[in-house]
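All figures in this text were calculated on a predicted structure; none of them were measured in a lab.
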Amino acid sequence: YFSPLGVFLGATPLQIGALATLPPFLGAIFQVLGMKLSERSSSRRSTVLALIRAQALVCLPIAALPIIFGQGWLASALLIVLVAFYHVTIGLIAPIWNSLAGDIIPPASRGEFFGYRNKWMAILTFSAVLAAGQALHQTTAFGITGWGYCGVVVFAAAARFFSSLPLRAVADPELHIPQESKDRKSTRLNSSHTDIS
């Protein structure tokens, strides 16, 4: 509901275009940093937990935009910036979580695990979209659409935060980097050093 929120805030067509494209682009770029963070982190689980909670916190100022700033160019610009931060956290989390999941889920069980996980993600996402749409419909009928968006985003922030709690019980094995990957990295570093010399 970020794009509909942008429309409600009075975003220009250019701002709506930026909202739809810039944050996901930044999120994709930050996946590279997420991979580096995964290699340097002493605890991938703790890193993912911190990033999930940061993502939930980013939602709170987004929720406040229609209440504090109302409608206008400034609120729309702030929405783009905050949604960009939201997508940056997604980009950082994805490679670390995939790395951790790859280490703790046996290869023979991965298809079954991710199929089950993705099925329930789709069901819950669809249900959440319907519930949020109904909430916005009702608040619009009462003339308090801004509060409707605020409530929807706060609920999403709470759901994101609570989704981190079960992760505390997940195993947190040390990251194992294959020797051939270390050798390739060492070769590249030595090659770069030679070129500089």
Side-chain angles (χ1 to χ4, degrees), residues 1-6 8-9 11 18-38 40-69 74-101 104 114 117-136 139 144-172:
Y1 281 95
F2 286 144
S3 291
L5 175 56
F8 173 76
L9 293 176
L19 180 62
T21 56
L22 182 59
F25 174 69
L26 290 174
I29 290 175
F30 271 82
Q31 285 191 29
V32 177
L33 183 57
M35 291 180 350
K36 299 291 184 186
L37 197 57
S38 178
R40 294 171 182 257
S41 174
S42 59
S43 170
R44 287 174 289 174
R45 181 183 61 197
S46 296
T47 304
V48 170
L49 279 168
L51 288 168
I52 287 174
R53 289 165 182 174
Q55 189 178 56
L57 285 174
V58 169
C59 289
L60 298 181
I62 293 175
L65 287 176
I67 307 305
I68 295 175
F69 292 95
L74 177 59
S76 303
L78 288 172
L79 176 64
I80 294 168
V81 172
L82 291 168
V83 172
F85 277 113
Y86 179 87
H87 277 270
V88 163
T89 61
I90 293 174
L92 291 171
I93 290 169
I96 305 173
W97 162 246
N98 289 336
S99 167
L100 182 60
I104 63 178
F114 282 106
R117 176 178 178 267
N118 292 342
K119 176 186 77 173
W120 281 104
M121 282 178 62
I123 291 170
L124 292 172
T125 299
F126 181 70
S127 302
V129 168
L130 288 179
Q134 184 61 27
L136 290 171
T139 53
I144 51 171
T145 308
W147 284 103
Y149 277 109
C150 179
V152 164
V153 178
V154 166
F155 185 84
R160 188 59 176 141
F161 176 81
F162 284 112
S163 75
S164 72
L165 300 182
L167 193 60
R168 294 181 300 179
V170 169
D172 190 19

Residues at least two apart in sequence or cross-chain that pass side chain to side chain contact (heavy atoms under 4.5 Å, CB included) with L49, listed by chain then number, are R45, R53, S164, L167, R168

Looking at F25, I'd like to know if its CZ atom is crowded, meaning that more than 12 non-hydrogen atoms belonging to other residues, nucleotides or ligands lie closer than 6.0 Å.
no

Sequence neighbours excluded, the answer for side chain to side chain contact (heavy atoms under 4.5 Å, CB included) partners of A171 is I104, P173

Is it the case that more than 12 heavy atoms not belonging to F155 sit under 6.0 Å from its CZ atom? no

Rounding to 0.5 Å, atoms CG (L26) and CG (L22) come to a distance of 4.5 Å

Shortest non-hydrogen pair, S3 vs L19, comes out as CA-CD2, 3.8 Å

On a heavy-atom basis, the closest approach of A63 and V154 is CB-CG2, 3.7 Å

Side chain to side chain donor-acceptor pair (under 3.5 Å) filter on T139, not counting sequence neighbours, yields none

On a heavy-atom basis, the closest approach of L92 and F30 is CD2-O, 3.6 Å

Checklist entry - Quick one: does L130's side chain get under 4.5 Å of Q134's, heavy atoms only? => result no

Those residues at least two apart in sequence (or on a different chain) that pass side chain to side chain contact (heavy atoms under 4.5 Å, CB included) with S163 are I52, R160

query = Is any side-chain heavy atom of P66 less than 4.5 Å from a side-chain heavy atom of L9?
reply = yes

The side chain to side chain contact (heavy atoms under 4.5 Å, CB included) partners of F69 (sequence neighbours excluded) come to L65, L74, A75, L78

Within a strict 4.5 Å, meaning less than it, do heavy atoms of the V48 and V170 side chains meet? no

Sequence neighbours excluded, the answer for ring-ring contact (aromatic ring centres under 6.0 Å, His included) partners of F8 is Y149

Taken to the nearest 0.5 Å, the spacing of Q31 CD from I96 CD1 works out to 10.5 Å

CG (L57) and CZ (F85) are apart, to the nearest 0.5 Å, by 13.0 Å

Fill in: Under 3.5 Å donor-acceptor, S99 side chain and P95 backbone
no

In this structure, SG of C150 is separated from CD1 of I62 (nearest 0.5 Å) by 11.5 Å

Of all heavy-atom pairs linking C59 and A157, the shortest is CB-CB, 3.5 Å

Quick note, side chain to side chain donor-acceptor pair (under 3.5 Å) partners involving residues 83-97, not counting sequence neighbours, are Q55-T89

On a heavy-atom basis, the closest approach of I80 and A18 is CD1-CB, 4.1 Å

